[in-house]
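One structure is given here, and the rest of the page talks about it.
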Amino acid sequence: MECVHIDFIVCFWSSRNEKENWKVHFYSFAISVEGLSKIIINTGQDIFIEGCDEDNPYVAKVTRLYGDENGQQMKAVVQWFIRVSELPVNKLKLLGREPHPQEIFYYECRNCDNEVNVESILRPVKHLDSNDPFPDSADKDTLYVKLSWDSKVFRVVNSTVVESPAEPAPASSPPSSTPRGPSRRVLPTPDHAIMHKASLGEVGCSSVGTPANVEAESLHSATKLSASKCLSAKRRNATARTPGVRKRLELSSECLHKDFKMQPLCRTREQQGYIYISNTKSSEVENEKSPMVTETPRSSKRKSAMLVSSRIKKQLNLLENHQDPNSSGEEEDEFVPSKNDLLSSSEEEGQDEDGPNIDDQVSAKKFRYVATGSRNSRSKQKSYSSARTQRRTPAKKISPGTPQTPRHATPSIPIRSLQTQQPANILEEARARLHVSSVPESLPCREQEFQDIYSFVESKIVDNTGGCMYISGVPGTGKTATVHEVIRCLQHAADMDEIPSFHFIEINGMKMTDPHQAYVQILQKLTGQKATPDHAAVLLEKRFSNLAPRKETIVLLVDELDLLWTRKQNVMYNLFEWPARRHARLVVLTIANTMDLPERIMINRVASRLGLTRMSFQPYSFKQLQEIIMSRLNKLKAFEEDALQLVSRKVAALSGDARRCLDICRRATEICEHSAADPSSTGLVGMSHVMEALNEMFSSAYITAIRCASTQEQLFLRAVITEFRRLGLEEATFQQVFVQHQALCRIEGLKPIGVSEGLAVCQRLGACRLLLLEPSHLGVLQRIRLNVSQDDIFYALKAD
Amino acid sequence: VKLTIGFTQVQQILRERFCERRLPDRLEGVEAQYKHLLELLRRTAIHGESNSVLIVGPRGAGKTTLLQCVLRDLQKEEKVQKNLLQVHLNGLLQTDDRIALKEITRQLHLENVVGDKVFGSFAENLAFLLEALKKGNRSSSCPVLFVLDEFDLFAHHKNQTLLYNLFDVSQSAQAPIAVVGVTCRLDVLELLEKRVKSRFSHRQIHLLSSLNFTQYLERVWTQLSLPDSFPDKKFAQEWNAGVKTLCEDKSVEEVLQRHFNSSKDFRSLHMLLMLCLSRVSVAKPTIKPADLLEASRMCFADTTANMLHGLSILELCLVIAMKHLNDVYEGEPFNLQMVHNEFKKFLHRKSNSMYNFEQPVVMKAFEHLQQLELIRPVDGSSAKVQREYQLMRLTLDHSQIMEALQKYPQCPTDIKQWAMSAFG
């Protein structure tokens, strides 16, 4: 019975010391991993905690371990460290030097959860906080602490802080007591290296590791059979289980079984029983899912893919010299894959890309299928090194089929060789200020909306909760600008320590190729990871549903929401579902153009999750537009009063689009500049200039086009109208019109034209879209319609 | 020998001009537009001001020539030379955003370009390009000029992603870009989605030539005459004098008037002049009015009517029968049986069995007409119908049939009479 459950993680306490109002405190506990090791975690020890990035788990130090009375909730209170990769990219430059990939920072932020479930602990690790320079060795299991980070500045770490944890009572004893602890001694050790490591972890919790230890560690990491990886893999539903592990499991399962019987140390039977039950549950789920595996991974030994990948590899070798400072060494060595890896990963990729539209739960399952599938194809993977298969977590997708952007490529536009010229006169200055892109000091006329959004987001950040808001309004009414302004103010407030800090992410439905790319972009902006849409969805789902430690509130701006519509609407569903999760701390601001978008395109469960927090931006009135221009010009005297009023009235009457208003003003300054030679001009933009700009932008060119058309083209338009009148319809065939055209030619005293020429005339009018035509291969049978009103044609033709 | 060299040079210079291989030194009639565009692009290059503009005009109006001239003159300026990256796209080549993005990335030589290949998926490419543009700023990044030829076709791409992003960049504080769209559709703004439209600056440069016939004649004259820089001065003088006399000729003026009435664009004029030029040789050193008349006749030749000349008598008879059916039934569609009946009526009346053909032969002739697309099956008539009863329409105009009959070699008189008689 128990043998069956040995596959899964078992946590148990190895000792306890005191009972303190329904909390049970412990010194240490052990995690046993199927076939591999037993890891013992003590208070005061540094540990890895499972995060969203499998290759860079969170680092923390255990300050206290406790469980409640019946041991249902086993928690650990930790002091966090933050990795380089977890730091906001823009803050990295505060460091003033290249961060070491293995560098971690003592994390001094108050507003983070320092309680974690013990199930999420992976394995112990150790850090060195010497002030010496970083050693060159690529030892991945040694981390270095030099500075502390409080979400604003780096400080030199106070060594006493690190050495002595905040809770001295439980932490002081373990280093001395645990090595004597019975747990380690009685445990059979299937893997010497790991056992050794575990003991190292215990000893090295507060002291600097000796060189011998370091050596052992590096030796261990070289085998890449790290217990934590294995553990996290197990937790992720026993993904790639390699033949090697399997074998070892068979060998050791018996002793492990015995081992459980030998565990009367401190636990009562019931408590053990509980743990087993919880694991049985999960095992059932697992068993349920595994029969559904039907796909056999297809082997894609595409030659072209290999060719391309080898080419990339070559390129990368070239680029190796300019290394991206942000990418850690680990990533780099991952990126140049061996041929075998490429093959296997392409296999995975192929499976993953099968259906991009599947709904999330399915995709989550599928993700498991991939994993189990790869287990089924054990024979196929036998040729790959077992270490590799274990190491390869699904987060790393290297797809030779669709070669990725080389990771070293930094997106940038070349630097200009000559300096930009500064505006030389008032008009140029005005033009620069009136450009839509120039960021104004303040956003006038949107004070109320600003206030509403600000208080909404602020309250969510302060309360550590989540929520959705829907913002609508026609284009050019300042929706996105207002939200950005709000975020800027909030960021400022956060910098001033008035509110907790938060993370702002922006995505735009128009700036992605497919709605599912939203997941990829969110994940990338959140963690810097790259993933396929399905995998990104799984990771985000996990991130937002788990009680993840050290989480800042995330403010997510989703622009052009309507573009994220899919048939099943799962993207929208997820975006609105996550904020409602208890631990998500996610604020979603969505922007779209139509007020009734939720009612029109969303199915009920999506609309319901979006909630009723809505805001609508009205088109600007002429006074507001005028104020906007005035505030942009900022007392720069470039426009006459009347001219400004004319522009704003005209735009307000048409659309209320501020962009239009600014563009017209900008054009007017150009016209003014050109007419500056005129002695009557005052140097200010006047009514006439504005009128000209308005005409240019708003008048339709149809009438001018008809006037500028050739005689035959004009005659043809007249013939069309005559034929329409004769038929009483708004449509005629070319043949019918042509008869009229011939007649008109005779009336006008012109030589009648041939059919080919007539067709050419007709095609020319069709290309300008003065006429709407059927495809031209129909010849004389094609039907003709007018794209202009008949009155316009008459007006245009009569004038001359 | 000297004459031969002279003629080779003439041919070369004029052909380059007519094939629009060489940009004109100076644009005529579009000075205002030229200035507007030049100023706009110069501001992008020098001040780093983002802009977007559409050049709209009918086919052959010189939109691309205008743009090329502006770019050429802009490149001459010291300040602009190294400060402007150019990306040229064509809606006919970049038929979707995926291809367009690869092309942009390739032309910009961004860092994900290896040799001539662009790596990464569509989504990655888009993200990469946007990231690149976003990182730039007004004062330090090199301005990028995007030329979108056949702009209207880009508006048909899915979600107009590319246009949205380009216009969005041009309206935000990112790397300075200028988007120049070239299109012949006057209603192009209506094609843009409202968000895309709002981001477009609404600058349109219209190229609508309002030139009159005198100016047109002048254009013909300048197009034909040799430049002062021509090496053989004497030859050039003679040639130019010949061109002058040609343009003053009455019949030439008439022909040109007719062309002017038909279309004002220069591409069709160049076509005409090209035909004239190809008739010039050492033996025949000047363009004669007759050459122009001949060229004009070729330009205006009715291609479908010419096809009738190659038909057999039987096929011609069937076409005439169809014409009569069209007269009787006012353009209603017909089938082979009806046509054959009509034809038989004619034979019966003439009572000579000279053209009496078997049904299969007539059928074959009918099918041949269909292959030539002189007749076309009515839409929606399914293939289930027997071929004899399939409804057809004639794609010829009556005038074309009569014209063809006049020119048909050795057309029997009775057939001509039958064609001209009303109602069979």
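Chain letters run A, B, ... following the sequence lines, proteins first, then strands; residues in each count from 1. Treat the numbers as computed from the prediction; the structure is a model and nothing was measured.
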Part of [X] lying under 4.5 Å from any heavy atom of chain A:
X       : result
V56(B)  : neither
L186(B) : both
E131(B) : both
L126(B) : side chain
E403(B) : neither
A45(B)  : backbone
L110(B) : side chain
K135(B) : side chain
L84(B)  : neither
S263(B) : both
T105(B) : neither

Minimum heavy-atom distance [X]-[Y], with the two atoms named:
X       : Y       : value
H435(A) : S50(B)  : NE2-O, 2.7 Å
K194(B) : N593(A) : CE-CB, 3.6 Å
T513(A) : A123(B) : OG1-CB, 3.4 Å

When rounded to the nearest 0.5 angstrom, what distance separates [atom1] in [X] from [atom2] in [Y]?
X       : Y       : atom1 : atom2 : answer
K511(A) : Y164(B) : NZ    : OH    : 6.0 Å
Q204(B) : E696(A) : CD    : CD    : 9.5 Å
R203(B) : D663(A) : CZ    : CG    : 7.0 Å
L781(A) : I375(B) : CG    : CD1   : 11.5 Å
T395(B) : Q735(A) : OG1   : CD    : 8.5 Å
N508(A) : D168(B) : CG    : CG    : 7.0 Å

With chain A as the partner, which of [options] has the greatest number of non-hydrogen pairs under 4.5 Å?
options                           : answer
T161(B), N165(B), L40(B), D152(B) : N165(B)
A175(B), P58(B), S210(B), S209(B) : S209(B)
E39(B), E373(B), R258(B)          : R258(B)
D97(B), T304(B), N159(B), L394(B) : N159(B)
K35(B), R199(B), R98(B), R393(B)  : R199(B)
S140(B), G48(B), S268(B), G136(B) : S140(B)

Within a strict 4.5 Å, meaning less than it, do heavy atoms of the [X] and [Y] side chains meet?
X       : Y       : result
R431(A) : R43(B)  : yes
D265(B) : R764(A) : yes
Q171(B) : S437(A) : no
H36(B)  : E670(A) : yes
R666(A) : N51(B)  : yes
K197(B) : R660(A) : no

Part of [X] lying under 4.5 Å from any heavy atom of chain B:
X       : value
E560(A) : both
A693(A) : neither
F734(A) : neither
L770(A) : side chain
L750(A) : side chain
V755(A) : both
L563(A) : side chain
Q736(A) : neither

Looking at [options], which one has more heavy-atom pairs under 4.5 Å with chain B than the rest?
options                   : value
A701(A), G758(A), S710(A) : S710(A)
R667(A), M697(A), Q712(A) : R667(A)
H777(A), K751(A), Q524(A) : H777(A)
A767(A), G779(A), G754(A) : A767(A)
G766(A), S756(A), A760(A) : S756(A)

Would you check, one step at a time, whether the test side chain to side chain contact (heavy atoms under 4.5 Å, CB included) holds for H202(B) with I664(A)?
-> CA-CA 9 Å; H202(B) 278 62; I664(A) 293 169; over 6 Å; no

Is the number of heavy atoms from other residues, nucleotides or ligands within 6.0 Å of [atom1] ([X]) greater than 12?
X       : atom1 : value
K134(B) : NZ    : no
E78(B)  : CD    : no
M271(B) : CE    : no

With D187(B) via salt bridge (Lys or Arg N to Asp or Glu O under 4.0 Å) - residues at least two apart | R185(B)

Let me see the working for N261(B) and E713(A) under side chain to side chain contact (heavy atoms under 4.5 Å, CB included), right down to the final yes or no.
-> CA-CA 8 Å; N261(B) 282 347; E713(A) 286 163 4; over 6 Å; no

Could you check V474(A) against R195(B) for side chain to side chain contact (heavy atoms under 4.5 Å, CB included), going step by step and ending with a plain yes or no?
-> CA-CA 8 Å; V474(A) 294; R195(B) 288 166 280 200; over 6 Å; no

Check the pair H206(B), T704(A) against side chain to side chain contact (heavy atoms under 4.5 Å, CB included), reporting the backbone distance first and the verdict last.
-> CA-CA 9 Å; H206(B) 289 284; T704(A) 341; over 6 Å; no

Donor-acceptor side-chain pairing of S262(B) and E757(A) below 3.5 angstrom = yes

